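The structure under discussion appears below in the form of structure tokens.
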Amino acid sequence: MPSFTVFKGSKDGKIVKSETTKDELTSDQVLVKVTASGLCGTDEHYRHADMGLGHEGAGVVQKVGPAVRKLKEGDRVGWGYEHNSCGSCTWCLTGRETYCPEREMYGYANLDQGSFASHGVWRESFLFKIPDALTDAEAAPLMCGGATVFNALHTYNIKSTDRVGVIGVGGLGHLAIQFAARMGCDVVVFSGSDSKEKEARQLGASEFISMKGKKELDIGRKLDALLVCTSSLPDWSLVLPVMGPTSIIFPLTVSDGNFEIPHMGLVAQGITVQGSVVAARAVHQQMLTFAAQHGIKPIMMKFPMTESGIEEAMQTLADGKMRYRGVLVPQ
């Protein structure tokens with residue numbers, strides 16, 4: 001029976017080290033030794049829950065179940081937010097299993113394990129081979145952060161001729177800039193200050209707008225799409241005037257609050273507000289291939305995969321000092 005270490009949340013927010021034991025591998029189950037885990041803002045939401053934390057996993061296959069067909073020991077793989085789906089509903093059969101009514105997602109299923117761990121047991125069909133051009137540490141943040149922004153751009157047919165806005169140069173935003181720019185888009189970055197302009201341009205932005213103190217925005221040609229990658233929503237009365245007719249807004253912020261936007265500004269321009277979660281598996285694999293081909297990599301800070309290391313990483317993120325994606329590595 002596989003037995004391994006898992007780092008869990010707790011009622012008081014302390015990170016707790018515990019042991020999990022799984023039955024012998026059956027069907028298409030795979031035992032993965034974790035070599036890196038990204039830290040996502042969503043992990044903060046579950047810090048006070050008695051569950052295994054982490055959902056941006058990367059590692060090496062150690063053992064495979066009897067029905068595993070393609071993976072073998074030694075393969076480098078990653079996994080993300082979704083762990084399983086029914087496989088037979090309309091959403092699964094059309095490649096949209098992230099909306100399956102029986103989907104198994106981080107925070108709602110498989111609570112005894114996560115990517116903050118020494119190992120994990122997952123279905124082969126929800127594991128993704130890591131391209132040779134990416135290290136495990138580089139690949140880990142792409143399993144949720146990268147998949148989230150790529151899914152918005154790819155699935156909703158953003159074109160290379162489009163002008164794409166990105167609000168926020170952070171964990172999601174710095175990846176969104178890279179993906180959009182490598183797709184050939186004209187990328188406009190909006191930030192709270194001008195301190196990140198040089199970095200945003202190095203990542204691929206063609207224009208940088210500091211929002212601080214602005215009463216109105218003038219960017220010339222208007223946006224065809226906007227990815228909101230900050231922890232809070234922008235002032236829509238400021239942003240909507242730079243959205244083009246029939247443009248699309250992706251509010252990628254994870255929040256329990258209500259989404260509010262000026263009614264007439266939305267209707268008069270025919271703007272779409274598009275909800276979007278992490279990528280379905282086919283899109284996820286395309287994201288990894290695209291990232292490897294175009295040299296898209298996260299800017300990261302590494303922390304030890306220990307109770308104190310995880311708490312330090314989470315505090316760094318909470319303090320707004322993470323540049324730009326935390327990665328936990330085993331000691």
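All values derive from a computational prediction rather than experimental measurement.
Environment of CG in Asp132: sparse, with no more than 12 heavy atoms of neighbouring residues, nucleotides or ligands closer than 6.0 Å. More than 12 non-hydrogen atoms from other residues, nucleotides or ligands lie less than 6.0 angstrom from CD of Gln331. Atom CG of Asp218 has 12 or fewer neighbouring heavy atoms from other residues, nucleotides or ligands inside a 6.0 Å radius.
Geometrically, Arg281 engages Phe126 in a cation-pi contact, judged by NZ or CZ lying under 6.0 Å from the ring centre and within 45° of the ring axis.
Side chain of Glu104 to main chain of Ser85: no donor-acceptor pair is present (N/O by atom type, distance under 3.5 Å, no hydrogens or angles). Judged by distance alone, with hydrogens and angles left aside, the side-chain atoms of Thr5 form no donor-acceptor pair with the main-chain N or O of Ser118 at under 3.5 Å. Checking side-chain atoms of Arg163 against main-chain N and O of Asp186 turns up no donor-acceptor pair under 3.5 Å. The main-chain N or O of Thr26 is found under 3.5 Å from a side-chain atom of Gln29 such that the two form a donor-acceptor pair.
Salt-bridge check for Glu138 with Lys297: passed, with a basic side-chain N closer than 4.0 Å to an acidic carboxylate O. For the pair Glu207 and Arg221, the salt-bridge criterion is not met [side-chain N within less than 4.0 Å of a carboxylate O].
By the salt bridge (Lys or Arg N to Asp or Glu O under 4.0 Å) test, Lys11 pairs with no residue at all, sequence neighbours left out. Residues meeting the salt bridge (Lys or Arg N to Asp or Glu O under 4.0 Å) test with Lys70, sequence neighbours left out: none. Residues passing the ring-ring contact (aromatic ring centres under 6.0 Å, His included) test with His55 are Tyr81, Tyr106, sequence neighbours excluded. Residues meeting the ring-ring contact (aromatic ring centres under 6.0 Å, His included) test with His48, sequence neighbours left out: none.
When each of Lys33, His119, Glu73 is tested with Gln62 by the rule side chain to side chain donor-acceptor pair (under 3.5 Å), just one qualifies, namely His119.
When hydrophobic side chains of Ile, Leu, Val, Met, Phe, Trp and Tyr are connected at separations under 4.5 Å, Val6 ends up clustered with Phe4, Leu25, Leu31, Val121.
What you find for Val164 and Ala180 is that their closest heavy atoms are CG1-CB, 4.3 Å. Residues Ala36 and Val329 share a closest heavy-atom pair of CB-CG1, 4.5 Å. A pairwise comparison of heavy atoms in Met243 and Ile248 identifies CE-O, 3.9 Å as the closest pair. Across every non-hydrogen atom of Val327 and Pro141, the tightest pair is CG2-CG, 3.6 Å. Between His174 and Pro298, the shortest heavy-atom distance links the atoms NE2-CA, 3.4 Å. Here the closest non-hydrogen pair linking Phe303 and Gly326 is CE1-CA, 4.3 Å.
Between atom CD1 of residue Ile15 and atom OG of residue Ser308 there is a gap of 10.5 Å, rounded to the nearest 0.5 Å. Atom-to-atom distance recorded for Leu53:CG and Glu44:CD is 9.5 Å, nearest 0.5 angstrom. Atom CG of residue Leu266 and atom OG of residue Ser247 lie 9.0 Å apart, to the nearest 0.5 angstrom.
The aromatic rings of Tyr99 and Trp91 lie perpendicular to each other, with more than 60° between the two planes, well past the 30° mark. The aromatic rings of His83 and Trp122 sit tilted, their planes meeting at an angle between 30° and 60°.
Identified under the ring-ring contact (aromatic ring centres under 6.0 Å, His included) test for residues 183-241, with sequence neighbours left out: Trp236-Phe259.
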Checklist entry - What's the verdict on side chain to side chain donor-acceptor pair (under 3.5 Å) for Thr253 and Ser255, showing C-alpha distance, side-chain angles and the deciding distance? => result CA-CA 6 Å; Thr253 306; Ser255 173; over 6 Å; no

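Of the N and O atoms on the side chains of Gln269 and Thr246, not one donor lies less than 3.5 Å from an acceptor on the other residue.
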